[in-house]
S.K.: 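The structure's right below; bear with me while I get my questions together.
Throughout, a chain's letter reflects where its sequence line sits, starting with A, and its residues are numbered from 1. Computed over heavy atoms, backbone and side chain alike; hydrogens, waters and symmetry mates excluded.
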Number of protein chains: 2
Amino acid sequence: MAFEEEQKIFDSFVRDKGLKHSGQRKDILLTFLKTEKHLTADELHALVKKKNPAVGIATVYRTLRLLCECRLSSELRLGNGAVRYEHFYGHEHHDHLICVKCGNFIEVMDPEIEKLQERLAKKEDFRLQGHKLLMYGVCRKCKQ
Amino acid sequence: MAFEEEQKIFDSFVRDKGLKHSGQRKDILLTFLKTEKHLTADELHALVKKKNPAVGIATVYRTLRLLCECRLSSELRLGNGAVRYEHFYGHEHHDHLICVKCGNFIEVMDPEIEKLQERLAKKEDFRLQGHKLLMYGVCRKCKQ
DNA sequence: ATTAATTATGATAACGATTATCAGTTTCAA
DNA sequence: TTGAAACTGATAATCGTTATCATAATTAAT
Ligand SMILES: [Mn+2]
Ligand SMILES: [Mn+2]
Ligand SMILES: [Zn+2]
Ligand SMILES: [Zn+2]
């Protein structure tokens with residue numbers, strides 16, 4: 001079975017926090033790791049239920065929160081619809097091109113844009129702590 | 001009374017759409033125009049009620065939708081909490097520095113950042129249609 | 001293995017923001 | 001003045017998410 005590193009991170013996190021291990025959490029973690037998509041809790045729930053139909057949506061939400069706490073996942077709040085969750089471990093900061101036709105996410109990072117944001121903030125005497133850049137349009141596949 | 005241009009735009013829009021005029025809509029419009037803040041429907045409702053306590057929140061939502069339709073306002077979806085509404089008429093495209101301490105919005109626009117986004121999209125063979133750049137941090141006042 | 005303390009679970013209620021519904025009111029053109 | 005159409009506020013419904021709660025599973029100590 002793959003994802004040994006990630007599972008180790010989660011197990012340590014669970015142990016250090018005085019939590020207990022459960023089959024549901026393991027199923028949710030592995031299902032999350034197996035897809036590289038930017039999933040909502042509902043979408044992940046649907047995938048997990050294929051393996052373990054008894055898992056409830058509440059446990060998916062609870063587990064996603066744990067995954068974010070231990071930095072295996074992070075939230076992506078697009079501003080409309082449900083929060084999406086993406087892999088965080090081993091993924092550096094990036095922004096997103098989001099296709100309005102197929103909904104796919106393309107991960108991008110431009111050091112120049114990042115630098116110009118710093119310059120912009122400095123000009124306003126603003127201490128920049130983070131940012132969110134979402135770019136919407138039509139992806140290569142959907143253009144044809 | 002000020003805001004003649006904006007009122008004219010709204011009146012024409014209402015007439016052209018076969019809608020009717022009402023005191024509530026006028027109160028909501030003028031209250032919205034009077035503040036330059038980025039307000040939620042609830043915040044605007046609170047302000048409107050000072051002038052006209054009978055106005056309901058549903059009418060505020062309905063009127064905000066009309067203001068967006070006629071381009072006097074536009075939605076700002078930050079991704080957490082309520083949608084905010086900002087002035088759109090006479091305001092060119094801009095992005096935001098958002099202070100995590102006081103919640104104030106600083107409007108900014110950097111043509112270089114805009115251009116680099118286009119370059120980034122082109123590199124991915126992506127037809128860019130729009131973007132949202134939110135920068136979070138601490139504003140000048142709150143740094144002290 | 002047994003126990004007992006503690007955490008985890010799924011169902012479901014509650015929540016906050018927003019939209020839909022509806023009965024009564026207002027607008028406005030004829 | 002009148003009557004069709006739009007408008008209103010109250011409130012129910014919706015959606016994504018969190019809180020509650022009774023029951024079940026885990027764990028460490030016996
Ligand atoms: Mn991503
Ligand atoms: Mn603005
Ligand atoms: Zn696409
Ligand atoms: Zn501030």
Side-chain angles (χ1 to χ4, degrees), chain A residues 7 10-32 38-46 48-70 73-85 103, chain B residues 7 10-29 31-32 38-70 73-85 103:
Chain A
Q7 285 191 258
F10 188 62
D11 290 351
S12 306
F13 175 76
V14 164
R15 203 173 313 114
D16 295 352
K17 242 200 149 191
L19 307 180
K20 294 175 178 176
H21 288 90
S22 79
Q24 289 93 324
R25 283 182 183 160
K26 192 165 198 170
D27 291 339
I28 293 166
L29 170 60
L30 289 177
T31 305
F32 172 75
H38 296 70
L39 297 169
T40 64
D42 256 319
E43 289 165 355
L44 180 57
H45 185 217
V48 170
K49 279 198 290 190
K50 291 181 185 175
K51 271 275 163 88
N52 183 347
V55 173
I57 184 67
T59 298
V60 173
Y61 276 109
R62 286 188 282 239
T63 303
L64 280 170
R65 179 179 299 173
L66 295 179
L67 297 188
C68 289
E69 277 185 57
C70 70
S73 178
S74 70
E75 293 187 345
L76 189 54
R77 293 173 179 268
L78 300 183
N80 57 325
V83 173
R84 292 185 173 275
Y85 295 84
Chain B
Q7 285 192 259
F10 188 63
D11 289 350
S12 307
F13 174 75
V14 164
R15 203 173 312 116
D16 295 354
K17 240 201 152 190
L19 307 180
K20 294 175 179 176
H21 287 90
S22 79
Q24 289 93 325
R25 283 182 182 160
K26 191 165 199 173
D27 291 339
I28 293 166
L29 171 59
T31 304
F32 172 75
H38 296 69
L39 296 169
T40 64
D42 255 320
E43 288 165 355
L44 180 56
H45 185 216
L47 292 175
V48 171
K49 279 199 289 189
K50 291 181 184 175
K51 270 275 165 88
N52 184 346
V55 173
I57 184 67
T59 298
V60 173
Y61 276 108
R62 287 187 282 239
T63 302
L64 280 169
R65 180 179 297 173
L66 294 179
L67 297 188
C68 289
E69 277 187 54
C70 71
S73 179
S74 70
E75 292 187 346
L76 189 54
R77 293 173 180 269
L78 300 183
N80 58 327
V83 173
R84 291 186 174 275
Y85 295 85

S.K.: Any side-chain heavy-atom pair from A/Thr63 and A/Leu29 closer than 4.5 angstrom?
M.R.: no
S.K.: Closer to the 5' end of DNA chain D via nearest nucleotide, is it B/Val14 or B/Ala58?
M.R.: B/Val14
S.K.: Starting at the 5' end of DNA chain C and moving along, which residue's nearest nucleotide shows up first, A/His21 or B/Thr40?
M.R.: A/His21
S.K.: Which whole-number value in Å describes the distance from A/Glu43 CD to D/dG16 P?
M.R.: 10 Å
S.K.: Look at the side chain of B/Val83 and decide which nucleotide, out of D/dT17, C/dT7, C/dT18, has an atom nearest to it.
M.R.: C/dT18
S.K.: Which part of the nucleic acid, if any, lies within contact of A/Arg15, taking any heavy atom under 4.0 Å across all strands shown: a base, the sugar-phosphate backbone alone, or nothing?
M.R.: nothing
S.K.: Think B/Arg62 has a side-chain N or O under 4.0 angstrom from the OP1 or OP2 of C/dA20?
M.R.: no
S.K.: Measure the distance from CG on A/Leu76 to P on D/dG16 and round it to the nearest whole Å.
M.R.: 16 Å
S.K.: Remember a base hit wins even if backbone is also touched, and classify B/Gly18 as base, sugar-phosphate or nothing at under 4.0 Å, heavy atoms.
M.R.: sugar-phosphate
S.K.: Of the nucleotides C/dT7, D/dT8, D/dA5, which has the atom closest to the A/Lys20 side chain?
M.R.: C/dT7
S.K.: Using atom CD1 of B/Ile57 as one end and atom P of C/dT18 as the other, report the distance to the nearest whole Å.
M.R.: 8 Å
S.K.: Is a side-chain N or O of A/Arg25 found less than 3.5 angstrom from the main chain of A/Lys20, in a donor-acceptor match?
M.R.: yes
S.K.: Between B/Arg77 (CZ) and D/dG16 (C1'), how many Å, whole number?
M.R.: 14 Å
S.K.: Between P on D/dG9 and CG on B/Asn52, what's the gap in Å once rounded to a whole number?
M.R.: 8 Å
S.K.: Are B/Tyr61 and C/dT19 close enough that a side-chain N or O sits under 4.0 Å from OP1 or OP2?
M.R.: no
S.K.: For B/Lys49 and D/dA10, what is the distance between atoms NZ and C1' respectively, to the nearest whole Å?
M.R.: 13 Å
S.K.: Could you tell me whether the phosphate oxygens of D/dA6, OP1 or OP2, come under 4.0 Å of any side-chain nitrogen or oxygen in B/Arg25?
M.R.: no
S.K.: Test A/Gln24 against A/Asp27 for side-chain contact (heavy atoms from CB on, under 4.5 Å), laying out the working first.
M.R.: CA-CA 5 Å; A/Gln24 289 93 324; A/Asp27 291 339; 5.6 Å; no
S.K.: Between B/Gly23 and B/Tyr85, which is nearer to the 5' end of DNA chain C once each is assigned its nearest nucleotide?
M.R.: B/Tyr85
S.K.: Mark yes or no for whether A/His45, through its side chain, and A/Tyr61, through its backbone, hold a donor-acceptor pair below 3.5 Å.
M.R.: no
S.K.: Quick check: does any side chain N or O of B/Arg77 sit under 3.5 Å from a backbone N or O of A/Asn80, one acting as donor and the other as acceptor?
M.R.: no
S.K.: May I have the distance from B/Glu75 (atom CD) to C/dA17 (atom P), rounded to whole angstrom?
M.R.: 15 Å
S.K.: Examine C/dA8: is either OP1 or OP2 under 4.0 Å from a nitrogen or oxygen in the side chain of A/Gln24? Give yes or no.
M.R.: no
S.K.: Quick check on C/dA8: is either OP1 or OP2 less than 4.0 Å from any side-chain nitrogen or oxygen of A/Thr59?
M.R.: no
S.K.: In whole Å, I'd like the distance from the NE2 atom of A/His45 to the C1' atom of C/dA11.
M.R.: 12 Å
